[in-house]
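Heavy atoms only: backbone and side chains are in, while hydrogens, waters and symmetry mates are out.
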Amino acid sequence: MAANRIENLIRSQQAGLVCVVFILYVALAAFGGSVERDGVRVNTFLQLASQDLLYKETAYWAVMAIGATLVIISGGIDLSIGSVYCLSAVTAGLFFQAVGPSGEAAGASAAWVLPAGVLICLGTGAVCGLANGVMITALGVHPFIITLGTMAIYRGIAFVMTGGQTLRNFPESLTHGFVGMNIGGLYPVPAFIMIACVLAAAFLMNNSIAGRHVYAVGGNELASLYSGVRVKRVKIGVYTVSGLTGGLAALILLGDYGSANSNTGFGYELNVIAASVVGGASLSGGRGSAFGAFLGALVIKLIEKAIVIFQINQEYSRIIIGMVVICAVVLDRFSARMMERRMTRGNA
């Protein structure tokens with residue numbers, strides 16, 4: 001009886017994550033302090049500007065975590081996502097810098113500068129992901145090895161392209177008219193992009209044949225192959241989507257910060273994979289969701305905020321995030337064993 005209760009508790013991981021988010025919100029609101037504005041005391045954490053910043057920063061990881069979750073559901077892993085993000089930002093940044101803030105440097109109208117830059121940024125990410133998928137399926141090498149290698153290759157290419165310099169001077173149509181658009185003193189476009197990605201991914205994963213094939217391949221690759229699922233095509237597809245999300249997150253970065261360099265996104269692979277795993281994606285494959293990826297990214301970001309508010313040394317942040325990942329994996333394995341025992345009892 002007690003075992004069933006624990007199993008049900010673990011199964012409702014997303015409900016648990018919502019509770020964790022609520023607890024973190026209460027703690028951060030209680031200890032975050034307040035400021036006086038127009039003669040009124042305003043909670044520092046809950047004020048609109050702070051929430052706008054929180055969800056803008058969460059958008060980077062959540063968008064990439066959706067792609068990483070698809071890879072993990074299919075039974076793979078993508079360690080190169082932080083480098084794909086960096087290379088996409090640098091490639092588009094070089095283009096924006098070459099054409100100038102309004103496209104005059106290329107002797108062209110400003111109208112095509114933003115669409116062309118968006119295509120270059122997303123295209124670079126998708127090509128990097130496609131290369132990962134093709135090498136993994138064609139060479140038959142474990143994704144960990146391939147993406148570990150491309151993690152170094154993609155960042156190295158970014159360093160060579162920039163010479164270690166920081167890129168700036170991007171078009172205002174990107175930094176003020178699109179991603180960096182100011183709406184009532186807030187900058188909500190990154191959060192809107194994140195919400196759109198979560199909804200689109202959730203719909204496709206639950207209602208499309210391609211989405212069901214991704215779950216099937218991660219659940220049992222051999223059985224999927226015998227059932228007629230084109231396993232290699234599915235794997236190439238999920239890595240391409242993962243790269244595409246890296247490119248989209250890079251576009252948010254360019255519009256938000258207005259700069260990029262070869263250190264951009266350094267170490268982000270840990271945060272992105274952590275968000276996916278904390279959000280319920282099983283490293284054994286076959287389980288995970290877009291909404292869980294968003295919740296996982298939000299929890300990781302709130303933990304970072306808590307480290308700042310409680311004045312914990314920033315050097316401990318990676319230790320704490322690493323411990324959270326280990327706890328999530330242990331809970332996942334415990335849940336899997338409970339399900340196996342239940343199935344064994346049912347078949348006996």
Run the numbers on M205 and V214 for side chain to side chain contact (heavy atoms under 4.5 Å, CB included), then give the verdict.
-> CA-CA 8 Å; M205 290 165 72; V214 174; over 6 Å; no
Indicate the ring-plane relationship of Y60 and Y257, choosing parallel, tilted or perpendicular according to the 30° and 60° boundaries.
-> tilted
Any donor-acceptor pair under 3.5 Å from Y154 side chain to S80 backbone = no
Treat each ILVMFWY residue as a node, draw an edge where side-chain heavy atoms are under 4.5 Å apart, and state whether Y239 and I236 are in one component.
-> no
Would you say D52's side chain and L48's backbone share a donor-acceptor pair under 3.5 angstrom?
-> no
Does any N or O in the side chain of T44 come within less than 3.5 Å of the main-chain N or O of S34, such that one atom is a donor and the other an acceptor?
-> yes
CD1 of I153 to SG of C128: how many Å apart, nearest 0.5 Å?
-> 10.0 Å
Atom CG in L28, atom CZ in F310: separation rounded to 0.5 Å?
-> 6.0 Å
Scanning both residues in full, the closest heavy-atom pair of V238 with V71 reads O-CG2, 3.7 Å
Please test Y25 against L54 for side chain to side chain contact (heavy atoms under 4.5 Å, CB included), starting from the C-alpha separation and ending with a verdict.
-> CA-CA 12 Å; Y25 253 83; L54 170 67; 3.4 Å; yes
Do side-chain atoms of R155 reach the backbone of C86 as a donor and acceptor pair under 3.5 angstrom?
-> no
Could you list the donor-acceptor pairs under 3.5 angstrom formed between side-chain atoms of residues 265-277 and any protein atom two or more places apart in sequence or on another chain?
{"residue": "S276", "atom": "OG", "partner": "A65", "partner atom": "O", "Å": "3.2"}
{"residue": "S276", "atom": "OG", "partner": "T69", "partner atom": "OG1", "Å": "3.1"}
{"residue": "S276", "atom": "OG", "partner": "V272", "partner atom": "O", "Å": "3.2"}

L46 and Q51: which non-hydrogen atoms are nearest, and at how many Å?
-> O-CG, 3.8 Å
Is there side-chain contact between E57 and K305, with at least one heavy-atom pair below 4.5 Å?
-> yes
Report yes if the distance between the aromatic ring centroids of F31 and F45 is under 6.0 Å, otherwise no.
-> no
Worked verdict on I193 versus C197 for side chain to side chain contact (heavy atoms under 4.5 Å, CB included) | CA-CA 6 Å; I193 293 174; C197 287; 4.2 Å; yes
For L204, which fellow cluster members are found when Ile, Leu, Val, Met, Phe, Trp and Tyr are connected by side-chain heavy-atom distances below 4.5 angstrom, either directly or through intermediates?
-> F203
Hey, is the main chain of G288 close enough, under 3.5 Å, to the side chain of Y215 for a donor-acceptor pair?
-> yes
Test L251 against L174 for side chain to side chain contact (heavy atoms under 4.5 Å, CB included), laying out the working first.
-> CA-CA 9 Å; L251 184 68; L174 175 70; 4.1 Å; yes
Just by modelled atom types, is the L79 backbone N or O under 3.5 Å from a matching donor or acceptor in the T147 side chain?
-> yes
When you look at CD1 of I183, are more than 12 heavy atoms from neighbouring residues, nucleotides or ligands closer to it than 6.0 Å?
-> yes
Around atom CZ of R212, are there more than 12 heavy atoms of other residues, nucleotides or ligands at under 6.0 Å?
-> yes
Do the side chains of Y85 and V63 get nearer than 4.5 Å, heavy atoms only?
-> no
Roughly how far, to the nearest 0.5 Å, is the CD1 atom of I66 from the CG atom of L244?
-> 11.0 Å
Look only at the side chain of T124 and the backbone of I120, and say whether a donor-acceptor pair between them is shorter than 3.5 Å.
-> yes
Write down the atom of T166, the atom of S259, and the distance for their closest heavy-atom approach.
-> CG2-CB, 4.1 Å
Approximate separation, where rounding is to 0.5 Å, of H213 NE2 and S224 OG | 8.0 Å
Of the non-hydrogen atoms in G211 and S208, which two are nearest, and what is the gap between them?
-> N-OG, 3.0 Å
Joint cluster assignment, I136 & L225, ILVMFWY side-chain distance < 4.5 Å = yes
Value rounded to 0.5 Å, distance of CD1 in I157 from OG1 in T162 | 12.0 Å
Between V179 and Y187, is there a shared hydrophobic cluster once you connect ILVMFWY residues whose side-chain heavy atoms come closer than 4.5 Å?
-> no
Distance from I77 atom CD1 to I146 atom CD1, nearest 0.5 Å?
-> 14.5 Å
Whether S227 side chain and V229 backbone form a donor-acceptor pair below 3.5 Å | no
If you look at every heavy atom in A290 and V198, which pair is closest and at what distance?
-> CB-O, 3.8 Å
Any chain of hydrophobic side-chain contacts (each under 4.5 Å) joining V134 to V84?
-> no
Contact check, side chains of I252 and M194, non-hydrogen atoms, under 4.5 Å | no
L254 to C121 - nearest heavy-atom pair and separation = CD1-SG, 4.3 Å
Identify whether L302 and M323 are in the same connected component of the hydrophobic contact network (ILVMFWY, side-chain heavy atoms under 4.5 Å).
-> yes
